[in-house]
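Read the structure below first, then the notes.
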There are 2 protein chains.
Amino acid sequence: MPTSTRFAVASHILTALAMTEGKPVRSEDIATSVNTSAVVIRGILSRLNDAGLTRSQLGSGGGALLARSAAEIRLLDVYAAVEDTELFAVHRTAPCTSCPVGANILDVINPALARARAALEAELGKTTIADLAGTIRELAKT
Amino acid sequence: MPTSTRFAVASHILTALAMTEGKPVRSEDIATSVNTSAVVIRGILSRLNDAGLTRSQLGSGGGALLARSAAEIRLLDVYAAVEDTELFAVHRTAPCTSCPVGANILDVINPALARARAALEAELGKTTIADLAGTIRELAKT
DNA sequence: TTATGTGTAAGTATCACTATTACATTAATT
DNA sequence: AATTAATGTAATAGTGATACTTACACATAA
């Protein structure tokens, strides 16, 4: 399964941006919060930029900003922006085409996997970055 | 990362066993159908044995068998039997505990990820090996 | 013009996965 | 009892993705 931590880190980044309402945040500062290096953060921000979720302000006083409202960024959008690999990997080499099972297994299993992926994505579509930020604000109060 | 193909291959194996009704199938023959080596198949069969989905008959004329009805083996059971890693990987190193976001992000995001995983698993629980084998029998007729 | 940050390429270490080789063990067959 | 056919598993190597680090070009505010 996908062992990339990008999805979790990207959610962390976006939530951090949502907490500062419009003030640019440096990759260095995000890196401190995530506990990694600034280059790793910038690599993920690059993907988020491409996906239209964030934008970057160059130069002194610059940093990363949300490109749209946190309420309009779903975890599904984040997932799609940073995850490369298929959720389910199938046979590395094509199965035997002259065997009854080998010739048909992919056609039979792929629809089931597609349904599972759709269910996952539907659920990821229900939570937004604003939800995460809101809950963190609640927790920070106590 | 290299995503595991074990789930797809394990489903292939079980479907093949479901097609031969009670007759043991050699790992060698399964390997031919999957287009890999017999040792890889035996490695996956070892996990399926541990999970109680299959059993093996040693010695000459032996091979792998389903340990219960194909209708009682859900894709969810297969998934659980062969998949090692968490569906969603979180931060490799713990985030900054003194930052508002870092200290709380995992507590906030984990419930959302758990819901997504539950949705995925619910969907995988709806399809059985018997379903796959049945569809393949249909396809093989034409 | 200088200082501050982003963007990105190149190189490294690590890890999971798959394939391969090798061998011990078990059981049916003769 | 000996032979043969099969599983079970350890050890090893190759591959690919991830994440970390270093380095430097580029953009912008002051």
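On a predicted model such as this, the values are computed, not experimentally measured, just so you know. Sequence lines set the chain letters: A, B, ... in the order given, protein chains first and strands last, and positions in each chain run from 1.
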Tell me what B/N35 touches on the nucleic acid: a base, only sugar-phosphate, or nothing, going by heavy atoms under 4.0 Å. nothing
If I take atom CZ in residue A/R26 and atom P in nucleotide C/dT4, what distance separates them, rounded to the nearest angstrom? 10 Å
Just how far, in rounded Å, is P of D/dA6 from CG of B/L45? 15 Å
Side chain to side chain contact (heavy atoms under 4.5 Å, CB included) involving A/R55 - partner list, sequence neighbours excluded: A/L65
Applying side-chain hydrogen bond (donor to acceptor under 3.5 Å, both in side chains), name anything that partners A/T15, two or more places apart in sequence or on another chain. none
Per-nucleotide protein contact string for nucleotides 20-30 of chain C, where B marks a base within reach and S marks sugar-phosphate only (heavy atoms under 4.0 Å, - for neither): BBB---BBS--
Between A/P24 and A/G62, which heavy-atom pair has the shortest distance, and what is it? CB-C, 3.7 Å
B/S46 side-chain proximity, nearest of C/dG5, C/dT18, D/dT9: D/dT9
Return the value, rounded to whole Å, for the distance between atom CD1 of B/I44 and atom C1' of C/dT18. 9 Å
Distance in angstrom units between A/D84 CG and D/dA19 P, rounded: 10 Å
Among C/dT6, D/dA19, D/dT7, which nucleotide has an atom closest to any side-chain atom of A/S4? D/dA19
Is any side-chain N or O of B/R6 closer than 4.0 Å to OP1 or OP2 of C/dC17? yes
Look at all strands and tell whether B/D29 reaches a base, only sugar-phosphate, or nothing, counting heavy atoms closer than 4.0 Å. nothing
In whole angstrom, give the distance that lies between atom CD of B/E83 and atom C1' of C/dA16. 11 Å
Please report the distance, rounded to the nearest Å, between CD in A/E28 and P in C/dA3. 18 Å
Got a salt bridge between A/E86 and A/R117, using NZ or NE/NH1/NH2 to carboxylate O under 4.0 Å? yes
B/D131 side chain vs B/T128 backbone, donor-acceptor pair below 3.5 Å: yes
Go through the structure and list residues passing side-chain hydrogen bond (donor to acceptor under 3.5 Å, both in side chains) with B/N110, not counting sequence neighbours. none
Restricting to side chain to side chain contact (heavy atoms under 4.5 Å, CB included), what partner residues turn up for B/A38, sequence neighbours left out? B/S27, B/E28, B/A31, B/R42
Contact class for A/G43 (heavy atom, under 4.0 Å): base, sugar-phosphate, or nothing? nothing
Report the end-to-end axis angle of the helix from C/dT1-D/dA30 to C/dT30-D/dA1; each axis comes from five terminal pairs, and the value is rounded to 10°. 10°
Atom pair distance, as rounded to whole Å: CD1 in B/I41 and P in C/dC17: 16 Å
OP1 or OP2 of C/dT18 sitting under 4.0 Å from any side-chain N/O of B/T5? yes
What orientation do B/H12 and A/H91 show, parallel under 30°, tilted 30 to 60°, or perpendicular over 60°? tilted
Look at the rings of B/F7 and A/F88 and say which category their plane angle falls in: under 30° parallel, 30 to 60° tilted, over 60° perpendicular. tilted
Under-4.0 Å salt bridge between A/R47 and A/D84: yes
To the nearest Å, how far apart are A/E86 CD and D/dG16 C1'? 17 Å
OP1 or OP2 of C/dG7 less than 4.0 angstrom from a side-chain nitrogen or oxygen of A/N49, does that happen here? yes
